[in-house]
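These notes concern the structure reproduced below.
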Amino acid sequence: MRVREMLLFKNIVRYSLLCITAIVLFGLWNAGIWREFTPEQLRTLLLLLLAIYLWVAAPIPTGASSILILAMLLLLGLVDTMEEAVIGFLSPALYFIFMLSLISKSLVKVGMDRVIAGFLLKISRGGPAFVIIGMPLFISVLPIFLPSAVARFKMLLPVTVSLNRFYGFTEKSVFQKYCIYVIGMMNQNATMIIYTGGGFPILASQLIRDYQIANLGWMDWFLLIAPPLWIGAFILAFLVWNYLKRVGNTEDKEPVPKHEENETEGINSTFWIVTGAFVLMILTWIVTDQNRVPLLLPPMLLIVFYSLPRIGLITNRTIRSFDWENFLLLGASFSLGYVLEANGTAQQLAGMLVELIPDNAGIVIKVVIIALIVFVLRFFFVVPSSAVIVIFPIVMSYSELIGLPPIQLAFLIILIIGSMMVLPIHTTTTYLAYDTGILRKKEHYTISIFSSLFFMGIAILSTLYYW
């Protein structure tokens with residue numbers, strides 16, 4: 001049943017995208033606006049539309065579609081050499097994602113997930129209230145120590161199920177639904193508090209550097225995005241809890257059973273060595289200057305350390321198990337993004353879109369309209385990473401046209417794209433939360449739509465008054 005629903009969601013996005021694309025193309029042709037583009041820019045636009053269709057509808061495997069996009073760059077004459085076609089694979093962000101994925105798997109191998117689970121079980125003895133308050137606080141800092149939203153979800157799901165049983169609640173209790181929201185949707189938003197918190201913020205931070213907007217350090221990024229993100233997340237968690245209580249069952253409260261002590265597996269010395277090395281990597285990011293110590297250097301050295309025979313956490317099998325299809329997709333996305341910027345297609349698109357803004361509009365109206373444009377564009381991308389690579393260069397061209405500082409516009413784009421979860425397929429953790437079946441459809445869509453719009457509001461306010 002869940003598979004059929006996911007196919008339905010993809011079909012909704014696919015056919016909506018096709019219909020809107022057809023309407024836009026007809027409108028452009030009818031109005032003669034296409035004449036404002038050069039022949040090269042028109043070919044770039046056609047390739048952009050093809051890429052979006054391939055990445056959203058997935059009629060062929062992702063790896064094959066990514067290779068097709070690279071081939072089309074050459075066939076359409078958008079680049080002169082193969083080296084220019086694959087320039088996207090020179091982005092440090094790709095290898096940053098690759099290395100953090102290996103490091104995250106290594107931390108799980110040594111039992112980091114068991115330690116975190118044990119911590120939650122300890123605070124659970126204080127009653128459900130401790131978990132209800134503590135879980136959002138915990139998930140909001142967890143990306144620092146476990147840079148994978150999917151890994152965090154899979155690690156915490158069995159823990160929340162155990163806690164639900166321990167408190168004697170029903171299978172789909174308000175408590176369990178709330179926990180699913182926290183580890184599914186709130187977890188996805190929390191991954192942005194640091195640019196090493198997952199693939200999406202890594203890509204976003206790289207784009208900020210590539211477009212020479214700013215050279216943000218680890219702490220710079222944290223201070224810019226964490227405060228508004230945390231404030232929004234905690235307010236939203238409070239609202240979601242009260243909403244679930246209002247629509248939930250009244251039969252959730254049952255006698256709490258006696259606590260049964262569970263023996264946890266002992267932590268060996270390897271755990272402390274591995275964790276200590278990981279913490280050292282984070283401290284290096286915080287205290288060192290990226291111009292002197294490249295961002296990639298600490299994780300590169302850490303991977304070598306984890307692969308030493310005495311440690312043995314990273315092997316050839318670990319590297320082969322990496323999601324290379326996604327690697328190809330992101331590399332092809334970067335190459336296409338560079339072409340959009342280099343031949344002026346992104347600037348031309350921005351010039352057309354800026355006409356939607358009234359001439360005498362104030363800065364508030366301009367920011368709201370741009371936010372709505374980003375929100376609508378993001379809806380048609382299943383993967384936030386590919387969405388930010390394509391949308392970023394187009395919308396960033398607004399900066400000069402409307403006089404908005406680039407850093408403010410950049411974070412407006414990042415926060416809206418990263419927090420979009422209207423459909424379950426918009427982010428992996430949202431899909432995993434939906435797939436549990438614990439939240440009813442109405443509850444899931446009410447929370448996900450409100451959350452997406454709420455964080456768009458947070459992004460607008462942060463752009464105007466914080467960034």
When rounded to the nearest 0.5 angstrom, what distance separates [atom1] in [X] from [atom2] in [Y]?
X	Y	atom1	atom2	value
L137	L142	CG	CG	12.5 Å
L439	M185	CG	CE	6.0 Å
L50	L45	CG	CG	12.5 Å
I373	I413	CD1	CD1	10.5 Å
F234	S140	CZ	OG	4.0 Å
L329	E325	CG	CD	9.0 Å

task: Determine, stepwise, if the pair Y243 / Y178 fulfils ring pair (Phe, Tyr, Trp, His ring centres under 6.0 Å).
output: CA-CA 10 Å; Y243 164 73; Y178 174 76; over 10 Å; no

- request: Determine, stepwise, if the pair M99 / L302 fulfils side-chain contact (heavy atoms from CB on, under 4.5 Å).
  value: CA-CA 9 Å; M99 286 183 283; L302 187 62; over 6 Å; no

Any side-chain heavy atom of [X] sitting closer than 4.5 Å to one from [Y]?
X	Y	value
F98	I319	yes
T463	L409	no
P228	L461	no
V274	K109	no
T44	L47	no
F375	F455	no
L70	S335	yes
R440	Y445	no

Is there a donor-acceptor contact under 3.5 Å from the side chain of [X] to the main chain of [Y]?
X	Y	result
S452	M420	no
Q408	P405	no
W241	I133	no
T191	Q188	no

Might you point out which heavy atoms bring [X] and [Y] nearest each other, and give the distance in Å?
X	Y	value
I417	V388	CD1-CA, 3.8 Å
V141	I193	CA-CD1, 4.3 Å
I438	K177	O-CE, 3.4 Å
V182	M135	CG1-CG, 3.4 Å
N187	F153	ND2-N, 3.8 Å
A237	M186	CB-SD, 4.4 Å

- request: For the residue pair F222 and W230, categorise the inter-ring angle as parallel (less than 30°), tilted (30 to 60°) or perpendicular (more than 60°).
  value: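 Judged by the thresholds at 30° and 60°, the geometry between F222 and W230 is perpendicular.
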
- request: Measure up the F322 and W324 rings against each other and bin them: parallel (under 30°), tilted (30 to 60°), perpendicular (over 60°).
  value: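 Taking W324 first and then F322, their aromatic rings stand perpendicular (interplane angle over 60°).
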
query: Got a sec, which residues hit side-chain hydrogen bond (donor to acceptor under 3.5 Å, both in side chains) with S451, two or more places apart in sequence or on another chain?
result: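 Here no residue qualifies.
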
Chi angles and distances behind the side-chain contact (heavy atoms from CB on, under 4.5 Å) call for L244, F175: CA-CA 9 Å; L244 291 173; F175 176 84; over 6 Å; no

field: Audit row: M72, L68, side-chain contact (heavy atoms from CB on, under 4.5 Å) steps and yes/no
entry: CA-CA 6 Å; M72 292 299 292; L68 175 60; 4.0 Å; yes

query: Got a sec: does the OH of Y466 have more than 12 other heavy atoms crowding it under 6.0 Å?
result: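 Yes - once you tally the heavy atoms of other residues, nucleotides and ligands closer than 6.0 Å, there are more than 12.
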
F327 ring center within less than 6.0 Å of Y95 ring center: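 Yes, ring centres under 6.0 Å apart.
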
- request: Just do the side-chain contact (heavy atoms from CB on, under 4.5 Å) check on Y306 and L102 with the steps written out, would you?
  value: CA-CA 9 Å; Y306 284 174; L102 299 182; over 6 Å; no

- prompt: Can you list the residues that meet the side chain to side chain contact (heavy atoms under 4.5 Å, CB included) rule with A410, with sequence neighbours excluded?
  reply: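 Applying side chain to side chain contact (heavy atoms under 4.5 Å, CB included) to A410 gives I208, I213, F392, M396.
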
